[in-house]
Amino acid sequence: MKIIIQRVKEASVSIDGGIAGAIKEGLLLLVGVGPGDMAEDINYAVRKITHMRVFSDENGKMNLSIQDIKGSILSVSQFTLYADTKKGNRPAFTGAAKPDMASKYYDSFNEQLAQFVPVKCGVFGADMQVSLINNGPVTIILDTKNR
């Protein structure tokens with residue numbers, strides 16, 4: 001799995017002009033699933049994200065997790081994280097998992113996250129518009145194959 005993690009003051013995802021999910025302070029996750037991903041990739045990502053200390057403590061040091069601040073997560077599926085740009089000018093997306101597998105893994109990932117923090121989601125496969133106010137900015141790339 002490849003996940004872009006953004007610390008946000010607020011974020012929302014819209015589909016056809018309607019809000020599908022919105023959060024205040026927390027994390028916006030752009031989530032891509034690869035064909036070689038397994039249940040352990042989900043477990044690893046959930047463990048990392050829920051314990052990652054990227055929120056500031058009273059001294060301004062990034063020392064608090066999403067759980068510590070009682071924040072929320074907005075999770076958005078993002079197969080384009082597996083884009084191959086080596087040839088030509090048009091990215092190839094053959095490195096992403098097939099939609100049926102990716103959808104199951106994305107749902108399982110969100111269900112596991114929701115055991116620790118409130119989670120709002122986009123709609124898998126939909127054309128979505130994401131709005132956010134990045135806090136910091138803090139943006140981190142998590143690749144479960146690069147532990």
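- Side-chain heavy atoms closer than 4.5 Å link hydrophobic residues (I, L, V, M, F, W, Y) into clusters, and following such links, even through other members, never connects Val8 to Leu142.
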Decide yes or no on side-chain contact (heavy atoms from CB on, under 4.5 Å) for Val31 and Gln78, but give the supporting numbers first.
-> CA-CA 5 Å; Val31 182; Gln78 186 80 37; 5.8 Å; no

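- Glu25 meets the side-chain contact (heavy atoms from CB on, under 4.5 Å) test with Phe55, Ile69, Asn135; sequence neighbours excluded.
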Run the ring pair (Phe, Tyr, Trp, His ring centres under 6.0 Å) check on Phe93 and Phe79 step by step: do they pass?
-> CA-CA 8 Å; Phe93 301 107; Phe79 76 93; 5.1 Å; yes

Can Phe109 and Ile3 be said to form a side-chain contact (heavy atoms from CB on, under 4.5 Å), step by step?
-> CA-CA 11 Å; Phe109 171 71; Ile3 303 169; 3.8 Å; yes

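- For residues 30-39, the set of pairs meeting the salt bridge (Lys or Arg N to Asp or Glu O under 4.0 Å) definition, not counting sequence neighbours, comprises Asp37-Lys145.
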In residues 12-21, what donor-acceptor pairs under 3.5 Å come from side-chain atoms, sequence neighbours left out?
none

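- Tyr106 and Phe124 have tilted rings, their planes meeting at an angle from 30° to 60° on a 0 to 90° scale.
- When all heavy atoms are compared, the tightest approach of Ile42 to Tyr105 is CD1-CD2, 3.5 Å.
- Atom CE of Met1 and atom CG of Asp143 lie 10.5 Å apart (nearest 0.5 Å).
- Among all heavy-atom pairs drawn from Leu81 and Ile4, the shortest one is CD2-CG1, 3.6 Å.
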Step by step, work out the side-chain contact (heavy atoms from CB on, under 4.5 Å) result for Lys120 and Ile73.
-> CA-CA 6 Å; Lys120 301 290 184 181; Ile73 288 176; over 6 Å; no

Show me the donor-acceptor pairs, under 3.5 Å and distance only, between side chains in residues 59-67 and residues at least two apart or in other chains.
residue: Asn63; atom: OD1; partner: Arg53; partner atom: NH1; Å: 2.8
residue: Ser65; atom: OG; partner: Gln67; partner atom: N; Å: 3.2
residue: Ser65; atom: OG; partner: Asp68; partner atom: N; Å: 3.1
residue: Ser65; atom: OG; partner: Asp68; partner atom: OD2; Å: 3.2
residue: Gln67; atom: NE2; partner: Thr50; partner atom: O; Å: 2.8

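- When the shell of 6.0 Å around CD1 of Ile141 is examined, it contains 12 or fewer heavy atoms from other residues, nucleotides or ligands.
- What you find for Asp84 and Lys86 is that their closest heavy atoms are OD1-N, 3.0 Å.
- Remark: Asn146 CG to Lys2 NZ distance equals 10.0 Å, nearest 0.5 Å.
- Between the Arg7 side chain and the Val54 main chain, a donor and an acceptor come within less than 3.5 Å of each other.
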Determine, step by step, whether Leu29 and Ile49 satisfy the side-chain contact (heavy atoms from CB on, under 4.5 Å) criterion, reporting the C-alpha distance in whole Å, the side-chain angles of both residues, the deciding distance to 0.1 Å, and the verdict.
-> CA-CA 9 Å; Leu29 307 180; Ile49 290 165; 4.0 Å; yes

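- Not counting sequence neighbours, the partners of Pro118 by the side-chain contact (heavy atoms from CB on, under 4.5 Å) test are Ser72.
- No more than 12 heavy atoms of other residues, nucleotides or ligands lie within 6.0 Å of CE in Met38, so this atom counts as exposed by the packing criterion.
- In this structure, Asn110 and Ser75 approach most closely via the heavy-atom pair OD1-OG, 2.7 Å.
- Residues Ser77 and Gly125 approach most closely at OG-N, 3.9 Å, considering heavy atoms.
- Val138 and Leu74 fall into different hydrophobic clusters, where Ile, Leu, Val, Met, Phe, Trp and Tyr are joined by side-chain heavy atoms under 4.5 Å apart, directly or via other members.
- Distance check: Glu10 CD to Ile23 CD1 gives 9.5 Å after rounding to the nearest 0.5 Å.
- Tracing side-chain contacts under 4.5 Å through hydrophobic residues (I, L, V, M, F, W, Y), one reaches Leu27 starting from Ile140; they form part of the same cluster.
- Taking the side chain as every heavy atom from C-beta outward, Leu28 and Val76 approach each other to under 4.5 Å.
- Heavy atoms only, all atoms of each residue included: Met101 and Gly34 are closest at CE-O, 3.4 Å.
- Within the structure, side chain to side chain donor-acceptor pair (under 3.5 Å) pairs that include any residue of residues 87-103 do not occur (at least two apart or interchain).
- Leu113 and Met52 fall within the same hydrophobic cluster, defined by Ile, Leu, Val, Met, Phe, Trp and Tyr side-chain heavy atoms under 4.5 Å apart, directly or through other members.
- Ile5 and Val46 fall within the same hydrophobic cluster, defined by Ile, Leu, Val, Met, Phe, Trp and Tyr side-chain heavy atoms under 4.5 Å apart, directly or through other members.
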